[in-house]
Structure formats: structure tokens, C-alpha cells
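Down below is the structure, laid out as C-alpha cells.
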Amino acid sequence: MNAEPPEPLRTPATATIPRDPTGPPAGEGQDIKAVPLRHPLRWLAALVIVVLIAMAVHLLVTNPNWQWDVVGQYLFSSPVVDGVKRTLLLTVLAEIVGIVFGVVLAIMRLSPNPVLSWTSRVYTWTLRGIPPLVLLLFIYFLSALLPTLSLGIPFGPSFVEASTNKLITQQVAAVAGLGLAQAAYVSEIVRGGILSIPPGQTRAALAMGMKPRQVMWRIVLPQAMRVVVPPLGNEVISMFKATSLTSVIAYSELLTTVQVIYARTFEQIPMLVVACLWYGVLTTVATIVQSLIERRLGRSLKTPKGDR
Amino acid sequence: MAVPVTTAAEERADEIIRAERVRKSYGRTEVLRGIDLAVSAGEVVCVIGPSGSGKSTFLRCVNHLERLDGGRLYVNGELIGYRQRRGKIYEQSPRDVCRKRADIGMVFQHFELFPHMTVLQNLVLAPLIVRRRAKAEATARAEELLDKVGLADKIDSYPGQLSGGQQQRVAIARALCMRPRLMLFDEPTSALDPELVGEVLNVMRELASSGLTMVVVTHEMQFAREVADRVVFMDHGKVVEESAPHEFFAAPKTERAKAFLERLAD
């Protein structure tokens, strides 16, 4: 060991900054009159973007193959509007199934009960492993596997029986297929949200005598919601488009509807534009709803130092 | 000072906490290595010691946020977390543990107010859903306690809008809303800016003089000296020394306590 005192690492703070005698005096705190910095790259970027936009507009306007008149003719036609309604309905129902099951699965996964935790793990693993298209077809063709479905005592007598074909309509298969797959993804999102809440919150709630279930529903989940809403909004928006998968089981949502029309009229491009415009409208609405929810959940975060 | 170790704790009605040889490990690390401690009703006990000595862990064992591995811990005359019948120890259901915790208030280093609720909602939550009090009654009690800690005007604020000292005073009021028989303070001023420590200590001083039983883990020696009935010095998972504050600070009996106090004085 070296017993000598270490050399001072910094020069002493007595050094003064030399002042330019020709510069303006600093003393009276006037406004700074400086020449602004030039940004040549910004101008270059602007130029490139403007040219690209001009090219895109040119393509949209001058190419007659877009057939904008056909787009206008079909945009609000009743089969298309019905398709939009079914897409919306299917998204809402599938997302309700997905979120309800997803939250339950997330809570099960984090439960101290190993049976529940492992059930949730295996469910998520399985459903994330099956392509949603395959799942949809599988549910729709379930009757090939189980011709009748019954409600009763397992391995014992049954009380109610029904033909699988009658029970599983296109609507039921679509909601079940998309919703059950969605639940696996939602459960991971919600689990992440729950884990993001500091354990001290749980400890404080338990210390006041609250039961674990009350802690989860009143303290942890409400706070987790704030974390969960942005990725969940993402999921809802992807669901609008994922509903188009149900065209394989001939559920007549938006995309199936326009496909049926262009199969007859051969006006593929304008009909696909119609579909895109409607998906765009739905996505916009979902985005607005999401930001409203986020604003509401963020109420409590207003601090004197400003929003986070 | 000698604490009788073997007598049936249930018979001593004035004893709020009675710890006998309490042990606790995390994996292979022994955090508590046989804690013996008794706290009587109305007593204010300050627990001090170097960090890592097991003070906070012991506090969490008292309301069973941590389960102990050995020894016995009685709170309000009953085993906490367990039930004793015909010489056998049974684990208690969460419901029964919750019932016991409701009588023990706890204040945390990082306040742990619920950020998504207003101050009032923070205060009435447990009285409403644990004690099943009427809303009007819980609200009246909350208003009274907020007034007592000097924050009546913050009743509709969110925790994020308050300073650290204000949050900790709200947290104390929240614990008091349950009318606890015992209050545990886990380094209540350690996360505060120095100029905010005083307002929290003032509230605690007032509580102490009101006759509430308090166990305070703290680094505020001045507070311990003034307010404590007894100072407990812990080191390496054991109670090394306990005595009246004036004795302890003037003439610590053990070398370790002496060394600890000297380090603080530097």
C-alpha cells in the first residue's frame, strides 16, 4: 500500500475564465442577440419528402386504373357498410373474449397456486403456437371431430346435447377462434403490467388487512391498466385487420364482402381501396378512443412538476 | 432488563409484542438470528442499528409480511401467522392473517400511498372494505385525522401532487384510520429531503405522547433520544443491547453499540 497522500486530480477552482474584451458586457442581463444556427440538412430532408409526396399524389390522381368513381360508388353501398358493421362487431366480441380471458390467465399465471399457474402457462404456450388461421378452421370444422356437444357429468350422463354443426356457426367460430388466440397475447401484456407495479404497493395494502384478492382488484390491476392500455390498443387495432382471416370460413366481414364483389366485377383495385379506407376509419376511431382512455387513467399523475 | 423467555405470553395482557428467539433466513443468509423482544402497551420503542442488521425484516415479521422460520412471535397475545392447538402449530388461513394485520398499522420508508386514488380514497379504503364501516363514518374519521396531521386542505389531491413529507403524513393518517393497537414505522424519514423530516417527526412525537404503542426503526438519533421509552440496538440479526435512551446514548454497554454511535458522530 502506498502511504503517500494522492495527488489532487483536479486543478484548483481558482482558475478564471478569460474574457474577450471586445465582446458585449455580460453585466446587465440583456436578451441574447445571437445569429441562429443554420440547418442545411433540414432543408434537404424537406426537399426529398416533398418530391416523394408529389410522386405519390401524381400516382393516385393520374393513373386511371384506380377507378376512383368505382370507389365512390361502392364506399357507402349497403353490402360494404354491412361488412364494416360485422368487422366492428367481430372485433368487439373477440376483444371482449380476449381481454376477459387474458386478465384471468394473467392472474392465474401469477397465482401462488401451482396448478393454476401451470394451466395458464400451457394455454399461452399452445395458443401462441397455433396460427390463428388454423385455429379458426379447426373450430369451424370441430364437428368432424366431435359431432355432438353435451353438457353433463364428465364421463357420466349428459343433460343437454346439441349438434356441433348447429352450435358453431360462422359467427361463433370467428369470435371463439380470434378471441381465444387473443387471450394468450393479452395475458402476457397484462402480466407485464401487473409485474410493473412495485411490490411495496402490495405490501402496504396487505399490511392494512386487505385480502390478496382485494389487493389485486383494487390496488394492482387499476395501476397496471395504465401500463397495459397502449399495447392493448395496439392489439385492438391489429384485431380489426385480423378479422379478415375469417374470410376462410366465409364469415362476411369487410374484406370477404369486397372480395365477393370483385370476384363478380373484376374491379379488384378500387374494391381493395374501399376496404383500406374503411380499415383506416376504424383504426382512427380506435386510436382516438385509446387516447381518451389514457387521458382518463393518467388523471392521478398530474404533479406540480407537470404530466409524465 | 432480563426478559423471561418461556412464560405463556397469552397471560400477559399488557404485552403487545412478544418475540421469542425469532429466526428468519433468505436462502442461506440468516437475517434474524434469534430475536427476543417484548413491547408493552403504550410503549415507544426505537430500533436502531447498522443497515443489514435485520431491523426492517423483524418489523415485517411482526405483521407477517414475512414468515418467520423459527421461534415464536405473539402480537396482541396471539401467535401471528400461525395457530397453536394442543401443542401443534398450524398455518393460518390468509383470512385470519388479514384480520390480525388490520389491528397493526404500518408506515413505510417510501410511503406507499396508492397513486391512483385521492388522499381521501387512500384513507377510507381499508376502513370500508376491511372493517366494513359506513362511508360517512369512515370519511369523518379520515377528515379528523387529516386535520390532525395538518393536511385537511389536501383531501382531494392525488399523492403525486404532494411533497414527500406530506405523503408520509398522509400515510400515517391512513394507518391511523384503522384504529390500530400497534404502529410499526419502517424508517419513515429515510426517503425524505432533510428539510421535510421535521414535519413527519412532529406528527410521530404527537402520536407517541397520545399513548399509542409504537415500534420505530429509525436513523434519527435525536428523535430516539427524545421520544423513545426504550432503545433497542440490533446488529447482525440479534438484539445486542436495549436500555433507556438516556443510558444508551450516554453510556452504551456494548462495544458494538459504542462503535456504531461513534461512526454516526463523525
Side-chain angles (χ1 to χ4, degrees), chain A residues 103 106-108 110-117 190 192-230 232 292-308, chain B residues 56 59-60 62-66 93-119 121-132 156-163 166-167 171 174-180 182-184 186 191:
Chain A
V103 169
I107 294 174
M108 281 169 64
L110 296 171
S111 151
N113 181 336
V115 178
L116 294 183
S117 170
V190 173
I194 291 174
L195 290 178
S196 75
I197 305 307
Q201 290 280 305
T202 304
R203 225 176 274 142
L206 285 174
M208 296 195 301
M210 289 166 68
K211 298 189 194 86
R213 193 158 22 92
Q214 294 174 320
V215 177
M216 178 57 76
W217 288 101
R218 299 201 177 244
I219 305 301
V220 177
L221 272 184
Q223 293 185 61
M225 284 319 291
R226 207 173 49 77
V227 185
V228 160
V229 164
L232 220 50
L292 287 178
I293 294 176
E294 279 177 30
R295 194 176 308 168
R296 184 167 167 78
L297 289 174
R299 260 180 333 181
S300 59
L301 290 181
K302 291 205 186 73
T303 65
K305 291 168 195 154
D307 293 18
R308 227 177 300 171
Chain B
S56 295
L59 218 55
R60 283 187 202 166
V62 170
N63 61 3
H64 205 60
L65 285 177
E66 302 280 357
S93 73
R95 176 184 299 266
D96 289 327
V97 177
C98 289
R99 190 176 49 77
K100 286 184 187 172
R101 282 194 191 123
D103 291 328
I104 307 170
M106 188 160 188
V107 174
F108 298 83
Q109 181 177 356
H110 296 288
F111 330 133
E112 305 298 353
L113 294 177
F114 305 131
H116 58 302
M117 299 180 180
T118 64
V119 166
Q121 288 167 335
N122 264 280
L123 263 66
V124 298
L125 178 67
L128 290 182
I129 71 172
V130 177
R131 295 259 196 247
R132 299 184 183 287
D156 291 321
S157 302
Y158 283 97
Q161 298 166 321
L162 305 180
S163 74
Q166 291 171 331
Q167 289 191 50
R174 178 175 74 175
L176 292 173
C177 276
M178 295 292 281
R179 302 181 189 274
L182 164 66
M183 281 282 278
L184 308 174
D186 188 1

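Per chain, numbering begins at 1; letters A, B, ... match sequence-line order. Note that this is a predicted model, so its numbers are computed, not measured.
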Note to self: Counting C-beta onward and ignoring hydrogens, is there a side-chain heavy-atom pair between A/Arg226 and B/His116 closer than 4.5 Å?
What the structure shows: no
Next item on the list: Find out whether B/Met117 and A/Pro222 are in side-chain contact, i.e. whether some heavy atom of one side chain is under 4.5 Å from a heavy atom of the other.
Entry: no
Next item on the list: Measure distances from B/Arg60 to the heavy atoms of chain A and classify the residue's part below 4.5 Å as side chain, backbone, both or neither.
Entry: side chain
Check: Nearest heavy-atom pair of A/Gln201 and B/Phe114: which atoms, and what distance?
Finding: OE1-CD2, 3.2 Å
Check: What residue, out of B/Asp103, B/Leu184, B/Val97, B/Leu65, has the most heavy-atom pairs lying under 4.5 Å from chain A?
Finding: B/Leu65
Check: Do B/Arg101 and A/Met208 come close enough that some side-chain heavy atom pair is under 4.5 Å?
Finding: no
For residues 209-219 of chain A, run the donor-acceptor check on the side chains, cut-off 3.5 Å, and write out each pair with its distance to 0.1 Å, sequence neighbours left out.
residue, atom, partner, partner atom, Å
A/Gln214, OE1, A/Lys211, N, 2.9
A/Gln214, NE2, B/Ile129, O, 3.4

